[in-house]
Peer 1: 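Structure in structure tokens, see below.
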Amino acid sequence: MLLIPCPWCGQRNEDEFMCGGESARVRPDDPASTTDAQWSDYLYNSTNHKGVVREWWWHVNGCTKWFVIDRDTVTHAIQPASEEIS
Amino acid sequence: MSHFSIFSLARNALTGHKNWEKMWRSPDPKKEYDVVIIGGGGHGLGAAYYLAKDHGITNVAVVEKGWLGGGNTGRNTMTVRSNFLREDSVPFHELSIDLYHQLSKDLNYNLMVSKRGMITFIQSSAVNRIAMQMANTMHIYGAEYRMLSLPEIKQRVPIFSPSENMRLPILGGVYQPRASMVRHDAVAWGFARGADSRGVDIIQNCEVSGIRRESGAVTGVETNRGFIKAKKVGMAVAGHGSVVANMAGLRLPIVTQPLQAWVSEPIKPVLNEIVVIRSYYGTYLMQSDKGEIVIGQGCDPYASYAQRGTFSIIEDATNAMLEVFPSFSRLKLLRHWAGMLDMPFDGSPIISKTDVDGFYVDVAGSGGFKTTPAAAKTFAHLIARNESHPLTENLGLSRFQNGRLVQEGGVSANR
Ligand SMILES: Cc1cc2nc3c(=O)[nH]c(=O)nc-3n(C[C@H](O)[C@H](O)[C@H](O)COP(=O)(O)OP(=O)(O)OC[C@H]3O[C@@H](n4cnc5c(N)ncnc54)[C@H](O)[C@@H]3O)c2cc1C
Ligand SMILES: [Zn+2]
């Protein structure tokens, strides 16, 4: 059972959250000049790193805030990270 | 390789079972192979077996970082079925059932195939619609999938006694008679023995740490036992797909997620079929040949390589089970464990060439025990001929570029 540090509510049980996946995924700026391979990479591929990953979490059954944490996918150790969207 | 039979059993019984031959050699790696397969689970060992048997390619090594079947092959809940939604899925899974039903004989190795059948409970009109759609697709490929009424369920499963206050009452069921249970580690060992006897080198405790390439083509693998040269390299490392593909500079459309299972103490036979409750979450249970009730559900909802899972899955699945089988509240749990699934974006397996010449990937995906023989056979075909087997033409990586996904995720769960 993970305790996820919501920047608004503090440490809460993982059941209150949804994981939004890797935060490094960036939508290509100019679709017109983007190749199929680049789109496909953006849409479907992931780094899926074994180790510390920076990822989005959503406090969907709480304050509904989106925020970013660093989570180790082997040990499940979690550190808050600074990026956020409102 | 000595043949297993009633006579070999009797002969060895007379000598106190001390003279059984080793089932495979443990050779040192050669300097060079035609094909190196990374991963000694059912998929990798099976691919080596079919490379030798179907294509006459025997200068092959399987390299495994731990022991054979010690990954997900030895951790799964042994369920084999073909109730899928898409036209690319059904014939592929049907081939696997066909192969499983004849492999004990072909391999001269008892896979303990148990043809139990599987009942999925229908608890909403949406699930009913999907079940009927599946049944229609399956009938096109000759796979039987039929509706069961509540009295028919009760007749097959006498301990079925759903609570009257169930949130999603059970309206009926859908039944696949050919769904089976197959002894999981016997699959790895049977393929290993068959491959070894055809000349394949099986090398355990050999971890791949790099994939060497020259001008866009693979040249071999770096391992803790030195560099092994190879004309072709096939990857079948369920749970480590991204890690190994990354060694070849590739990114894959997968997320590695934990999948858990847990079993009760053994009890007398009460449950013949494999049953699925709340098919959206995929809570399922069955009784093993030993008498244990084996329980599982969908995977944990985030990436993890930890090989352990979150408690809420156990709690949730247990609640669902007790709504239908209240008498199981008295069962004591004996064991619990987790493995890892490389979940492709669309939930279907990936058997594919890659951008690196001579490097091929088999991503078992969500429920890759059931696909083991079909994946192994078609993967061997791809590696041997550098072209897809007709059944897996649409299961390659190109589907993520041309948009022709084989969407099974969210429709059918892992078991
Ligand atoms: C709890 C649980 C229940 C399941 N239940 C079912 C079920 O009922 N039905 C079903 O169809 N599927 C089920 N599955 C899924 C199924 O177990 C897997 O999809 C399948 O076993 C994958 O087989 P494989 O041979 O590809 O992988 P594995 O058996 O995992 O083999 C891969 C091997 O690669 C090795 N490896 C990894 N990295 C390296 C490296 N760098 N160098 C060398 N070797 C390496 C690993 O040690 C491992 O032995 C379940 C899975 C789990 C965890
Ligand atoms: Zn919050």
Peer 1: Could you go through the side chain to side chain contact (heavy atoms under 4.5 Å, CB included) check for B:Tyr305 and A:Asn48 one step at a time?
Peer 2: CA-CA 10 Å; B:Tyr305 290 85; A:Asn48 196 22; 3.4 Å; yes
Peer 1: At a 4.5 Å cut-off on heavy atoms, which part of A:Asp41 comes close to chain B: side chain, backbone, both, or neither?
Peer 2: both
Peer 1: So for atom CD, which belongs to A:Gln38, do other residues, nucleotides or ligands contribute more than 12 heavy atoms lying within a distance under 6.0 Å?
Peer 2: yes
Peer 1: Of all heavy-atom pairs between A:His76 and B:Ser304, which one has the smallest distance, and what is that distance?
Peer 2: NE2-OG, 2.8 Å
Peer 1: Can you pull out the residues in residues 235-246 of chain B with any heavy atom less than 4.5 Å from chain A?
Peer 2: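 Within residues 235-246 of chain B, the residues that come under 4.5 Å of chain A (heavy atoms only) are B:His240, B:Ser242, B:Val243.
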Peer 1: With a 3.5 Å cut-off and no angle check, do the side chains of A:Ser46 and B:Arg251 form a donor-acceptor pair?
Peer 2: no
Peer 1: Side-chain donor-acceptor pair under 3.5 Å between B:Tyr302 and A:Glu14, yes or no?
Peer 2: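 Note: B:Tyr302 and A:Glu14 side chains meet the donor-acceptor criterion.
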Peer 1: Can you give me the closest heavy-atom contact between B:Leu252 and A:Asn45, atom names plus distance?
Peer 2: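 Smallest heavy-atom distance, with atoms named: C-OD1, 3.4 Å.
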Peer 1: Are more than 12 heavy atoms from other residues, nucleotides or ligands located less than 6.0 Å from atom CG of A:Asp29?
Peer 2: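 Count not over threshold, so no.
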Peer 1: Would you say CH2 of A:Trp8 has more than 12 non-hydrogen atoms from neighbouring residues, nucleotides or ligands within 6.0 angstrom?
Peer 2: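 Not buried by this count: 12 neighbours or fewer within 6.0 Å.
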Peer 1: For residues A:Asp36 and B:Phe400, determine if any side-chain heavy atom of one lies less than 4.5 Å from a side-chain heavy atom of the other.
Peer 2: no
Peer 1: If we define contacts as heavy-atom pairs under 4.5 Å, which of A:Glu55, A:Glu22, A:Arg71 has the most with chain B?
Peer 2: A:Arg71
Peer 1: Which heavy atom of A:Leu43 sits nearest a heavy atom of B:Phe345, and at what distance?
Peer 2: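 In terms of heavy atoms, the two residues are closest at O-CE1, 4.0 Å.
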Peer 1: Quick one, B:Gln401 and A:Trp39 - any side-chain contact, counting heavy atoms below 4.5 Å?
Peer 2: no
Peer 1: Tell me, for A:Thr47 versus chain B, whether the close heavy atoms (under 4.5 Å) come from the side chain, the backbone, both or neither.
Peer 2: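 A:Thr47 touches chain B through backbone and side-chain heavy atoms alike.
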Peer 1: Please classify the contact between B:Leu250 and chain A as side chain, backbone, both or neither, with a heavy-atom cut-off of under 4.5 Å.
Peer 2: neither
Peer 1: Counting heavy-atom pairs under 4.5 Å with chain A, which one of B:Asp342, B:Thr310, B:Asp300, B:Asp346 comes out on top?
Peer 2: B:Thr310
Peer 1: Would the number of heavy atoms belonging to other residues, nucleotides or ligands and lying under 6.0 Å from CG of B:Asp355 be above 12?
Peer 2: no
Peer 1: Going from CD1 on B:Ile313 to CE on A:Met1, what distance comes out if it is rounded to the nearest 0.5 angstrom?
Peer 2: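 Here the interatomic distance stands at 10.0 Å.
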Peer 1: Do other residues, nucleotides or ligands put more than 12 heavy atoms under 6.0 Å from the CD atom of A:Gln11?
Peer 2: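 Yes, the 6.0 Å shell around CD holds more than 12 heavy atoms from other groups.
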Peer 1: State whether the number of non-hydrogen atoms from other residues, nucleotides or ligands found under 6.0 Å of B:Arg404 atom CZ is greater than 12.
Peer 2: no
Peer 1: Could you state the interatomic distance from OG1 (A:Thr73) to CD (B:Gln257), rounded to the nearest 0.5 Å?
Peer 2: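 Rounded to the nearest 0.5 Å, the OG1-CD separation comes to 12.0 Å.
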Peer 1: Testing the basics here: between A:Cys19 and B:Pro301, what is the closest heavy-atom pair and its distance to 0.1 Å?
Peer 2: CB-O, 3.9 Å
